[in-house]
Amino acid sequence: PRPELQAADLPAPIARAVETIGGPGIQVEGDDTVVVRAGGQEVRVRIKIAADASDAVATHDFQADRGLTHATVWLSPHARRGDLARAVAHELAEIHALLVDPLREDRDAELRVGSRVSDPAALNHHDLGRVAELKVLMRDLDEAAPEDRADIEHEIGALMMHLGFQWGG
């Protein structure tokens with residue numbers, strides 16, 4: 001097994017996630033805290049390492065319908081360090097999407113094999129989390145050394161196929 005994550009592993013991927021998907025609605029506020037704003041609301045999100053490993057690289061506990069002003073993104077302690085920015089971006093994008101439209105939580109995911117989405121407003125929060133992941137992966141690819149490009153392209157392809165897009169030849 002890979003070594004467990006430490007608090008010192010978090011600031012760089014948090015900053016990268018926010019730099020990639022941020023803008024005025026998502027901003028870093030410390031080594032492990034991000035502020036997410038939308039629709040006149042503000043949520044302080046702490047990024048923490050979970051005590052126990054899970055199948056998910058990251059999860060969050062935000063519930064838009066409860067009027068919460070704080071949330072936590074939990075990272076699996078055995079997550080690959082290279083996946084952290086992508087995972088944080090996904091969770092922050094979900095929280096932002098739920099602030100913009102709390103009803104997104106009740107919608108089924110639209111980005112999947114066989115779907116035809118013409119209106120971005122139809123996407124649920126998880127769909128928008130996946131879009132954020134793609135943004136991080138595309139930035140990674142853009143900045144990658146030649147020897148790392150194939151692995152990143154594979155990750156992009158797997159995510160695109162999962163979302164119902166054709167990828168490759």
Item to complete: Flag the pair Val100 / His96 as yes when at least one side-chain heavy-atom distance between them is below 4.5 Å, and no otherwise.
Response: yes
Worksheet item: Say you draw a straight line from CG of Asn124 to CD of Glu105; how long is it, rounded to the nearest 0.5 Å?
Response: 9.5 Å
Worksheet entry | Non-hydrogen atoms of Leu98 and Phe62 that approach each other most closely | CB-CE2, 4.0 Å
Practice prompt. Given side-chain contact (heavy atoms from CB on, under 4.5 Å), test Val88 with Leu10 step by step and report yes or no.
Written response: CA-CA 10 Å; Val88 168; Leu10 302 183; over 6 Å; no
Worksheet item: When rounded to the nearest 0.5 angstrom, what is the spacing between CG in Asp52 and NE2 in His78?
Response: 8.5 Å
Fill in: Working for side-chain contact (heavy atoms from CB on, under 4.5 Å), residues Asp9 and Gln6
CA-CA 5 Å; Asp9 296 323; Gln6 303 296 316; 3.7 Å; yes
Worksheet item: Taking C-beta and beyond as the side chain, do Thr69 and Arg44 meet within less than 4.5 Å on heavy atoms?
Response: no
Worksheet entry | Over all atoms of both residues, closest heavy-atom pair of Ala8 and Pro11 | O-CD, 3.6 Å
Practice prompt. Flag the pair Leu159 / Arg86 as yes when at least one side-chain heavy-atom distance between them is below 4.5 Å, and no otherwise.
Written response: yes
Worksheet item: Got a second to check how far Glu147's CD is from Arg149's CZ, nearest 0.5 Å?
Response: 11.0 Å
Worksheet item: Got a second to check how far Leu68's CG is from Gln41's CD, nearest 0.5 Å?
Response: 10.0 Å
Practice prompt. Report the residue from Val34, Asp31, Thr33 that forms a side-chain contact (heavy atoms from CB on, under 4.5 Å) with Ile14.
Written response: Val34
Discussion item. Within the 4.5 Å heavy-atom criterion, are Leu141 and Glu153 side-chain neighbours or not?
Written reply: yes
Worksheet item: Does His126 have its ring centroid less than 6.0 Å away from the ring centroid of His90?
Response: yes
Item to complete: Taking all heavy atoms of Val28 and all of Gly30, pick out the closest pair and write down the distance.
Response: CG1-O, 3.2 Å
Worksheet item: Val18, Val35: one ILVMFWY side-chain cluster at the under-4.5 Å cut-off?
Response: no
Item to complete: Report whether Leu84 and Ile156 are members of the same hydrophobic cluster (ILVMFWY, side-chain heavy atoms less than 4.5 Å apart, transitive linking).
Response: no
Item to complete: Start with the C-alpha gap between Leu134 and Met160, add the side-chain angles, then the distance that decides, and say whether side-chain contact (heavy atoms from CB on, under 4.5 Å) holds.
Response: CA-CA 8 Å; Leu134 281 172; Met160 294 292 285; 3.7 Å; yes
Worksheet item: Given the rule that I, L, V, M, F, W and Y join up when any side-chain heavy atoms are under 4.5 Å apart, are Val43 and Ile47 in one cluster?
Response: yes
Item to complete: Check Trp74 against Asp61 and note the closest heavy-atom contact, atom names and distance.
Response: NE1-OD2, 4.1 Å
Practice prompt. With sequence neighbours left out, write down each residue that passes ring-ring contact (aromatic ring centres under 6.0 Å, His included) with His60, or none if nothing qualifies.
Written response: none
Discussion item. To the nearest 0.5 Å, what is the distance between CD1 on Ile152 and CG on Asp142?
Written reply: 10.0 Å
Worksheet item: Is a salt bridge present between Asp140 and Arg16, judged by a nitrogen-to-oxygen distance below 4.0 Å?
Response: yes
Discussion item. If hydrophobic clusters are built by linking Ile, Leu, Val, Met, Phe, Trp and Tyr wherever their side-chain heavy atoms come under 4.5 Å apart, do Leu137 and Leu128 end up in the same one?
Written reply: yes
Item to complete: For the pair Glu133 and Arg130, evaluate salt bridge (charged side-chain N to carboxylate O under 4.0 Å, His left out) and give the outcome as yes or no after the intermediate values.
Response: CA-CA 5 Å; Glu133 285 188 59; Arg130 293 295 194 181; 3.0 Å; yes
Practice prompt. Treating Ile, Leu, Val, Met, Phe, Trp and Tyr as nodes and any side-chain heavy-atom pair under 4.5 angstrom as an edge, say whether Met138 and Leu92 lie in one connected cluster.
Written response: no
Practice prompt. Please report the shortest heavy-atom distance between Val45 and Val73, naming the atom on each side.
Written response: CG1-CG2, 3.6 Å
Worksheet item: Of all heavy-atom pairs between Ala89 and Val136, which one has the smallest distance, and what is that distance?
Response: CB-CG2, 3.6 Å
Worksheet item: From Glu42 CD over to His70 NE2, what is the distance, rounded to the nearest 0.5 angstrom?
Response: 9.0 Å
Discussion item. Any non-hydrogen side-chain atom of Val131 less than 4.5 Å from a side-chain atom of Ile21?
Written reply: no
